[in-house]
Amino acid sequence: MGGRGSRGPRVVALGGGHGLYASLSALRLITQNITAVVTVADDGGSSGRLRDEFNVIPPGDLRMALSALCDDGEWGQTWRDVLQYRFSSEGPLNGHAMGNLLIVSMWEQLGSTVSGLDWVGQLLRIDGRVLPMSPIPLEIEARVIDEEDGPQLYRGQVAVATARGKVEHVSLIPENPPAQPEAIAAIDEADWIVFGPGSWYTSVIPHLMVPDLHAALVRSPARRVLALNLRTERETWGMSAADHIRSFARHAPDLRIDVVVADPRSVDDIGEVAAEAEGIGATLMLRQVRMGDNRARHDALRLAAAYRDAFEGVIGDS
């Protein structure tokens with residue numbers, strides 16, 4: 001499984017929010033060599049407020065990734081709960097997540113985004129590393145086709161995620177932003193790269209729009225997994241599983257994928273999805289990865305088993 005000894009293969013997981021949390025919660029069960037590369041375009045809630053007030057990259061998705069990598073022992077679970085704790089009051093702290101405040105305070109103390117995240121990771125005793133995809137805060141802009149109003153431009157992650165209509169294309173502001181150098185190094189050294197699951201146009205696709213990050217993903221000798229979502233969201237309403245693969249290919253036509261992981265209940269036309277997967281160089285792997293109560297949430301153990309099968313080359317349906 002990658003030949004990296006007892007620590008497991010070197011895996012880079014890209015995304016943000018709850019989707020990346022699910023992926024990291026699964027990956028940490030099969031490897032201790034994990035680097036999370038996290039989107040930095042959030043402009044809502046606690047993250048958006050801190051981003052505006054301190055002129056920093058939004059900490060929320062980074063906090064989620066750190067929380068996912070906490071172990072199941074008392075120490076890890078206690079610190080996970082502390083990071084995820086959200087204040088509720090009538091004052092200015094209302095809505096802020098404790099982990100966001102901790103992360104920004106480390107950045108202020110150390111003057112380094114990466115060092116601050118590494119120190120928080122040491123406090124949590126995580127197995128792995130959490131990095132931003134870019135050292136600067138970004139904005140997402142999307143061209144959206146609305147049946148009533150025609151083409152519209154939406155700017156900002158919250159605006160894009162809640163836009164009415166079909167997203168045709170996304171781009172980043174500023175155009176051609178820099179990539180985080182440590183993220184490039186991790187991709188160059190990876191055995192496997194995992195995209196998704198997650199909010200497609202605001203958490204998964206943005207990584208493809210950072211030029212140096214995109215170039216590293218293309219040239220990396222690592223094999224690549226694309227994990228599809230369990231259901232559509234507002235920003236992907238009406239999109240099939242095959243549409244998700246097509247949109248990925250449209251934004252990164254030069255990027256080949258080795259395995260597409262999908263839950264059978266989320267695939268409406270297996271033949272079409274398999275054909276689209278083949279079009280990007282991938283084999284379709286159907287695995288039940290949702291919770292046992294059939295909620296549209298990933299089960300960490302099941303998703304870990306799917307990733308393990310992908311890494312070990314076990315592709316057959318189950």
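Because the structure is predicted, anything quoted here is derived from the model rather than measured.
Members clustered with Tyr21: Met64, by chain and number, using a 4.5 Å side-chain heavy-atom cutoff among hydrophobic residues. When hydrophobic residues (I, L, V, M, F, W, Y) are linked wherever their side-chain heavy atoms come within less than 4.5 Å, the members clustered with Val114 are Leu131.
For residues 97-115, there are no salt bridge (Lys or Arg N to Asp or Glu O under 4.0 Å) pairs, not counting sequence neighbours. Sorted by first and then second residue, the side-chain hydrogen bond (donor to acceptor under 3.5 Å, both in side chains) pairs involving residues 92-101 (not counting sequence neighbours) are Ser46-His96, Ser46-Asn100, Arg49-His96, Arg63-Asn100. Residue pairs meeting the side-chain hydrogen bond (donor to acceptor under 3.5 Å, both in side chains) criterion with at least one member in residues 207-218, sequence neighbours excluded, are His214-Asp254. Each side-chain hydrogen bond (donor to acceptor under 3.5 Å, both in side chains) pair with one or both residues in residues 116-128, not counting sequence neighbours, appears once here: Gln32-Asp127, Asp118-Arg129. Applying the ring pair (Phe, Tyr, Trp, His ring centres under 6.0 Å) test to residues at least two apart or on different chains, none of the pairs has a partner in residues 252-302.
Around atom CG of Asp268, more than 12 heavy atoms belonging to other residues, nucleotides or ligands sit under 6.0 Å away. Around the CD atom of Gln77, the shell of radius 6.0 Å holds more than 12 heavy atoms that belong to other residues, nucleotides or ligands. Within a 6.0 Å radius of CZ in Arg250, more than 12 heavy atoms belonging to other residues, nucleotides or ligands are found. Annotation for Trp79: atom CH2 does not count as buried by contact number, only 12 or fewer foreign heavy atoms lying within 6.0 Å. By the neighbour-count criterion of 12 heavy atoms within 6.0 Å, atom CD of Glu278 is sparsely surrounded, having that number or fewer from other residues, nucleotides or ligands.
Partners of Asp71 under the side chain to side chain contact (heavy atoms under 4.5 Å, CB included) rule, at least two apart in sequence or in another chain, do not exist in this structure. Take Ser220 and apply the side chain to side chain donor-acceptor pair (under 3.5 Å) test, not counting sequence neighbours, and it matches no residue. Here Arg265 pairs with Asp263, Arg290, Asn294 under the side chain to side chain contact (heavy atoms under 4.5 Å, CB included) rule; sequence neighbours left out. With sequence neighbours excluded, the residues satisfying side chain to side chain contact (heavy atoms under 4.5 Å, CB included) with Met98 are Val82, Tyr85, Phe87. Annotation: side chain to side chain contact (heavy atoms under 4.5 Å, CB included) contacts of Trp237 (sequence neighbours excluded): Thr232.
In terms of heavy-atom proximity, Ser240 sits nearest to Arg246 at OG-NH2, 4.2 Å. The minimum heavy-atom distance linking Ile57 with Pro137 is given by the pair CG2-N, 3.4 Å. Annotation for Val204 and Gly196: closest pair CG2-CA, 4.0 Å, computed over non-hydrogen atoms. Taking both residues in full, the closest heavy atoms of Asp188 and Pro221 are given as O-CD, 3.9 Å, listed atom of the first, atom of the second, then distance. Counting all heavy atoms, side chain and backbone alike, Pro58 lies closest to Ala41 at CG-N, 4.0 Å.
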